[in-house]
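Each ligand, and each atom within it, is numbered from 1 in the order the structure gives.
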Amino acid sequence: MPDTVEIFEVGPRDGLQNEARLIPASEKIALVDLLSRAGFRRIEVTSFVSPKWVPQMADAAEVMAGITRAPGVSYAVLTPNLRGYQGARAAGADEVAIFASASEGFSRANLNAGIAESLERFAPIVAAARADGVPVRGYVSCVVECPFDGAVPPGDVARVVAALRDFGCYEVSLGDTIGRGTPEAVDAMLARVSEEVPPARLAGHFHDTGGRALENVDVALARGLRVFDAAVGGLGGCPYAPGAAGNVATEAVLAHVTAAGFETGLDAETVGLAAEMARTMRTG
Ligand code: HMG
Ligand code: MG
């Protein structure tokens, strides 16, 4: 039986949060609805974050209310604090994600809090989600490089991964936020992190600034990871990570892992249409 890879589509969130043009909710809804037909099991739709910090995500509730949910798809959102979690619950999110950083500099820039304080803020989200039976995914940003602090030691990543594991996150996604990770650095990081959480519960989240994201996918595959975050059309970046380019494109990861013999359950034609729609949204 062929081995499987799951692509976790993050385009509507990670992709669109960084666009200069204010994209109408109707366009975001159309993108999510098209993605719902492509065979993804999980789609990250939006973030319930402060609109002062990320104006592009101010329409989170409207987008969640407007999408047509396909059976078997988990519609995921980002939640930075309890207020965000409550918004996500009210909107009927199937799962939420908490997001920490392995570097202090990015943590402060992105969450206005150091790593320890950000983790304290996540505790009530995790408690509420557990009581509500809502799965929580964890993100760690800057797993190899930080735009403010430079190279990030693997031990620092492992510490935050362990904290998210102890919170009960069902999976931890490892973000090369600025997309400058080399395969060697990614491999060293994965070796250390796998001592805390088994590869089956880790995901690779590669941005492609340096053009090495697919090589980093290969390194992660060799380490046993089978889940990769990606954005159709290579949309994306983080407004608090200067110099970060888009996520690795879903269609590129799909072609890459398919050529390597993995099953994804995705319909390449629909993914291609969504990539085209995403690129059009970018230019308006
Ligand atoms: P703060 O300014 O310290 O917090 O921000 P605050 O409590 O003072 O709130 C500021 C204002 O926002 C207040 O409004 C709050 O009410 C409001 P005011 O009273 O001034 O009118 N507010 C909210 N509004 C709606 N929903 C909320 C919410 N919370 C507060 N949930 C805070 C702290 C965490 C809120 C802020 O820093 C924030 O929202 N940060 C999120 C930044 C973000 O979304 N970054 C992008 C996602 S992470 C990423 O892209 C990386 C990833 O892809 C992985 C990778 O690539 O590495 C995941
Ligand atoms: Mg990202």
Side-chain angles (χ1 to χ4, degrees), residues 8-19 44-62 64 76-91 93 96-103 105-115 117-122 124-125 128 136-148 152 157 160-161 164 169 171-181 186 189 202-209 213 216 228-231 234-250:
F8 188 134
E9 175 58 47
V10 298
R13 193 281 303 172
D14 205 356
L16 300 182
Q17 71 183 9
N18 202 36
E19 289 304 309
E44 200 166 72
V45 178
T46 186
S47 314
F48 285 82
V49 295
S50 167
K52 290 197 168 147
W53 283 67
V54 187
Q56 279 288 9
M57 297 285 112
D59 58 4
E62 190 185 346
M64 285 297 286
V77 305
L78 250 55
T79 52
N81 52 22
L82 194 55
R83 173 156 173 205
Y85 176 76
Q86 285 157 352
R89 265 302 269 175
V96 300
I98 53 178
F99 47 109
S101 170
S103 68
F106 183 71
S107 186
R108 288 184 193 288
N110 196 45
L111 294 167
N112 203 21
I115 297 169
E117 192 190 340
S118 77
L119 293 172
E120 276 170 32
R121 236 186 242 160
F122 296 141
I125 300 181
V136 181
R137 191 179 198 230
Y139 275 106
V140 183
S141 285
C142 299
V143 295
V144 279
E145 285 277 336
C146 170
F148 309 103
V152 178
V157 185
V160 179
V161 167
L164 295 177
C169 289
E171 182 175 277
V172 179
S173 176
L174 302 164
D176 178 14
T177 315
I178 57 170
R180 300 220 170 267
V186 169
M189 179 276 296
L202 294 170
H205 178 109
F206 300 115
H207 287 255
D208 203 20
T209 320
N216 290 334
F228 297 97
D229 300 349
L235 285 174
C238 173
Y240 294 100
N247 291 84
V248 65
T250 303

Test your reading of the model: is there a side-chain donor-acceptor pair from Asp176 to the backbone of Gly181, 3.5 Å cut-off? yes

To the closest 0.5 Å, what do you measure between CG (Asn216) and CG (Asp208)? 8.5 Å

With a 4.5 Å cut-off on side-chain heavy atoms, are Asn110 and Phe99 touching? yes

Take the Mg ion (ligand 2) as the vertex and measure to OD2 of Asp14 and NE2 of His205; round to 10°. 80°

Between the protein and ligand 1, are there any N or O atom pairs that come within less than 3.5 Å of each other, and if so, what are their names and distances?
from, atom 1, to, atom 2, distance (Å)
ligand 1, 2 (O), Trp53, NE1, 3.1
ligand 1, 3 (O), Asn112, ND2, 2.7
ligand 1, 5 (O), Trp53, NE1, 3.3
ligand 1, 12 (O), Ser50, OG, 2.7
ligand 1, 16 (O), Arg83, NH1, 2.6
ligand 1, 20 (O), Lys52, NZ, 2.5
ligand 1, 21 (O), Lys52, NZ, 2.8
ligand 1, 26 (N), Val49, O, 3.3
ligand 1, 29 (N), Asn81, ND2, 2.9
ligand 1, 31 (N), Phe48, O, 3.0
ligand 1, 31 (N), Asn81, OD1, 3.0
ligand 1, 31 (N), Gly84, N, 3.3
ligand 1, 37 (O), Asn110, O, 3.4
ligand 1, 39 (O), Ser50, N, 3.0
ligand 1, 40 (N), Asn110, O, 3.1
ligand 1, 45 (N), Asn110, OD1, 2.8
ligand 1, 50 (O), Arg13, NH1, 3.1
ligand 1, 50 (O), Gln17, NE2, 2.8
ligand 1, 53 (O), Arg13, NH1, 3.4
ligand 1, 53 (O), Arg13, NH2, 2.9
ligand 1, 53 (O), Asp14, OD2, 3.0
ligand 1, 53 (O), His205, NE2, 3.3
ligand 1, 56 (O), His205, NE2, 3.0
ligand 1, 56 (O), His207, NE2, 3.0
ligand 1, 57 (O), Ser141, OG, 2.7
ligand 1, 57 (O), Thr177, OG1, 2.5

Would you call the rings of His205 and Tyr139 parallel, tilted or perpendicular, taking 30° and 60° as the class edges? perpendicular

Give the minimum heavy-atom separation between Pro80 and Leu111, together with the two atoms involved. CB-CD2, 4.3 Å

Side-chain contact test, heavy atoms from C-beta onward, threshold under 4.5 Å: evaluate it for Phe148 versus Arg108 and give yes or no. no

